[in-house]
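What follows is one structure encoded as structure tokens, with my remarks underneath.
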Amino acid sequence: MTRLREQGLSELPADVERPAYDRGQVRTGVVHLGVGAFHRAHQAVVFDNALRAGDLRWGVLGASLRSPAVAEQLNPQDGLYTLVIRDGAEERLRVIGAGRGVLIAPEDPAALVAAMADAEVHIVTLTVTEKGYCLDPASGALRLDDPDIAADLADLARPRTAPGFIVAALAARRAAGLAPFTVISCDNLPHNGSRIRQAVLAMAGRRDPDLAAWIEAHGAFPQTMVDRIVPATTAQDIARLSDRLGVEDRGMVKAEPFTQWVIEDRFAGQRPDFAALGVQLTAAVAPWEDAKLRLLNGAHSAIAYLGALSGYEHVHEALAVPGFAAFVEALWDEAQTTLKPPPGLDLAAYRRDLMARFRNPALMHRTRQIAMDGSQKLPQRLLAAAAERLARGEGVAALALGVAAWMRWQSGRTEAGEAVVVDDPLAGRTAALLASAGSDEARVAALLTLDAVFPPGLAADPRFVAAVTEAYLALGRHGAVETARRLAETAR
Ligand code: CS2
């Protein structure tokens with residue numbers, strides 16, 4: 001089957017939305033690092049909306065920092081792909097035209113640096129996942145022991161990491177007398193802008209203190225909150241869409257209707273009229289981040305481990321189990337007391353909407369996908385709220401069950417005994433720690449020594465240790481469904 005291409009756009013079925021602007025006139029104003037499904041269903045749509053509104057500065061050149069897979073999906077399609085919005089039985093198709101192709105960074109790192117240093121580029125967005133920041137998750141310091149960071153510190157002619165590319169490109173812009181671009185982190189990390197700024201300044205400072213001072217004075221790294229549920233595309237999704245379109249689209253992404261982007265109003269130079277495009281600009285992103293990370297992502301991670309352990313493949317299936325749904329409410333009751341709701345956010349309505357979003361049966365969001373990289377996710381999703389509640393003398397039973405479920409998942413087995421791959425940068429360490437322990441209590445204690453995940457004060461708090469140990473034992477005795485049900489019943 002032929003691939004989706006610019007020249008075939010007019011032959012697509014009439015109900016498929018497509019770019020009406022002249023793609024030949026679009027310029028590249030944005031470089032995006034890490035062109036995964038989330039970027040394609042979130043930021044790229046906003047830039048596509050800018051193009052539709054007639055501001056042709058905002059085409060997006062993508063870059064993959066690792067694999068050539070995305071370039072192979074998008075480059076033979078002139079950068080085009082379909083956004084499939086699924087809501088229950090309803091489906092809406094829209095071809096996104098903002099993409100200007102994808103560079104594979106490891107194949108030609110200098111080409112990516114040069115592209116980022118182009119005078120027309122004003123924004124660098126990134127979705128490189130939590131681990132892509134090369135920061136210690138608990139302390140937030142740049143991981144100098146990371147081999148790629150060490151390589152970038154030694155030589156920036158061929159950068160490997162996101163901070164490395166940004167530093168190299170900013171150095172080139174400074175040398176050319178250009179202003180810095182605005183760096184917009186779109187990963188689910190608290191204070192994501194400060195984190196990438198910290199990584200960039202740490203690296204720049206070690207190489208050239210004048211460059212670091214220039215970045216500090218003129219650069220901008222706004223904080224952001226990003227939200228849209230975008231499950232990984234499956235071969236079946238592609239086959240189904242190809243049938244609909246009459247051409248094959250290997251770059252498609254599927255997503256829920258909901259989308260939200262909150263950006264701190266701090267830019268180094270030109271940007272689209274974000275406010276007109278539905279993006280919320282604010283001085284204070286933190287309350288939005290905390291609400292989203294602790295309610296949406298916290299529940300997502302907890303239900304991912306509980307669901308995956310007990311054999312539920314998808315989020316909506318797990319949440320059809322009354323005990324799991326009740327547990328999520330109990331988890332939210334705990335997390336909610338740590339939040340300062342942002343102006344205009346009604347937490348009760350937010351929770352209701354979240355539950356409905358999780359239950360969207362058309363998304364087929366796999367629990368195992370969300371279970372990935374738990375060591376990088378736990379601190380902001382569950383542990384921060386637990387620490388704050390304990391500091392105020394409040395209980396943490398539900399948060400602790402989420403943590404204990406993560407611990408059980410590290411064993412690499414489901415409750416039915418099926419072997420599973422623990423996809424996590426710390427999987428080797430957690431496996432070794434579990435193997436070194438002779439009892440369930442000792443296994444919990446061993447995992448709590450991971451100071452990249454558990455802040456020492458929390459790991460040493462007897463109330464936290466007791467709650468996690470109790471939940472871990474209960475999971476072994478009763479299984480995830482029954483443990484969650486009992487917890488929710490006691491919490492009520
Ligand atoms: C999910 C997120 O995979 C995960 O860890 O929790 O990708 C989640 O779907 C998004 O943050 C929703 O905005």
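In this structure, R206 places its CZ atom where only 12 or fewer heavy-atom neighbours from other residues, nucleotides or ligands lie under 6.0 Å away. When the shell of 6.0 Å around CZ of R429 is examined, it contains 12 or fewer heavy atoms from other residues, nucleotides or ligands. Shown here is R266, whose CZ atom has no more than 12 heavy atoms of other residues, nucleotides or ligands within 6.0 Å.
A salt bridge does not link R5 with E248: none of the charged nitrogens is closer than 4.0 Å to a carboxylate oxygen. Look at E6 and R23 and you find a salt bridge, because one of the NZ, NE, NH1 or NH2 atoms lies within 4.0 Å of a carboxylate O, short of that distance.
Checked against the 6.0 Å centroid criterion, the rings of H314 and H365 do not qualify as a close aromatic pair. For F274 and F267, the ring centers sit closer than 6.0 Å to each other.
The distance from atom CZ of R40 to atom OG1 of T82, rounded to the nearest 0.5 Å, is 11.0 Å. For the atom pair CG of L9 and CG of D78, the computed distance is 8.5 Å after rounding to the nearest 0.5 Å. We find the CD1-CZ distance between I123 and R271 to be 8.5 Å, quoted to the nearest 0.5 Å. Separating the CZ atom in R351 from the CG atom in L331 is a distance of 9.0 Å, to the nearest 0.5 Å. The CD1 atom of I229 lies 4.0 Å from the CD atom of E256; values are rounded to the nearest 0.5 Å. Here CD1 of I196 is found 11.5 Å from OG1 of T224. Values are rounded to the nearest 0.5 Å.
With D152 contributing its side chain and R160 its backbone, the two residues share a donor-acceptor pair below 3.5 Å. Formation of a donor-acceptor pair under 3.5 Å by the S301 side chain with backbone atoms of G298 is not found in this model. A side-chain donor-acceptor contact under 3.5 Å links K254 to the backbone of L363. A distance-only check finds no donor-acceptor pair linking the side chain of R294 to the backbone of L339 [under 3.5 Å]. With hydrogens and angles ignored, the 3.5 Å screen pairs a side-chain donor or acceptor of D424 with a backbone N or O of L426. E91 places no side-chain N or O within 3.5 Å of a backbone atom of D87 that could act as its donor or acceptor partner. Between the side chain of Q223 and the backbone N or O of I263 there is no donor-acceptor pair closer than 3.5 Å. With hydrogens and angles disregarded, no donor-acceptor distance shorter than 3.5 Å links the side chain of R94 to the backbone of R92. Formation of a donor-acceptor pair under 3.5 Å by the D290 side chain with backbone atoms of K340 is not found in this model. Side chain of R381 to backbone of A299: no donor-acceptor contact under 3.5 angstrom is found.
The shortest heavy-atom contact between R389 and D333 is NH1-O, 4.1 Å. When all heavy atoms of A212 and L201 are compared, the closest pair comes out as O-CD2, 3.6 Å. For R250 against Q77, the heavy-atom pair with the smallest separation is N-OE1, 2.8 Å. When every heavy atom of T282 is checked against every heavy atom of A284, the shortest pair comes out as OG1-N, 3.0 Å. Nearest heavy-atom pair, L170 versus P180, reported as atom, atom and distance to 0.1 Å: CD2-CB, 3.6 Å. Smallest separation of non-hydrogen atoms from L390 and L458: CD1-CD1, 3.6 Å.
The aromatic rings of F38 and H42 lie parallel to each other, their planes meeting at an angle below 30°, with 60° marking the opposite boundary. In this pair, F358 and W332 present their aromatic rings tilted. The plane angle is within the 30 to 60° band.
When side chains are defined from C-beta on, L295 counts as touching L347, because their heavy atoms get closer than 4.5 Å. Inter-residue side-chain proximity for H218 and R174 is flagged as unmet; no heavy-atom pair is nearer than 4.5 Å. Residues P272 and L277 have side chains in contact (heavy-atom distance under 4.5 Å, counting atoms from C-beta outward). Side-chain contact between L112 and V31: present, with at least one pair of heavy atoms (C-beta onward) separated by less than 4.5 Å. By the 4.5 Å heavy-atom criterion applied to side chains, L383 and V453 are counted as neighbours. Proximity of I238 to M252: side-chain heavy atoms (C-beta onward) are separated by under 4.5 Å at one or more points.
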task = Check the pair F181, I166 against side-chain contact (heavy atoms from CB on, under 4.5 Å), reporting the backbone distance first and the verdict last.
result = CA-CA 9 Å; F181 39 66; I166 293 171; 4.1 Å; yes
inquiry  = side-chain contact (heavy atoms from CB on, under 4.5 Å) for V124 and H32? Distances and angles first, verdict last.
reply    = CA-CA 6 Å; V124 168; H32 182 84; over 6 Å; no
task = With side-chain contact (heavy atoms from CB on, under 4.5 Å) as the test, would you mind laying out the steps for F464 and L448 before giving the verdict?
result = CA-CA 10 Å; F464 184 67; L448 286 174; 3.8 Å; yes
ask   = Taking it one step at a time, do V200 and V183 satisfy side-chain contact (heavy atoms from CB on, under 4.5 Å)?
value = CA-CA 10 Å; V200 165; V183 179; 6.0 Å; no
Extract all donor-acceptor atom pairs below 3.5 Å that involve side chains of residues 115-122 and protein atoms in other chains or at least two apart in sequence.
unit_1 : atom_1 : unit_2 : atom_2 : d
D118   : OD1    : E120   : N      : 2.8
E120   : OE2    : R27    : NE     : 3.4
H122   : NE2    : E120   : O      : 3.3
H122   : NE2    : Q270   : NE2    : 3.4

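Checked against F258 for a side chain to side chain contact (heavy atoms under 4.5 Å, CB included), the options D227, N360, L354 give a single hit: D227.
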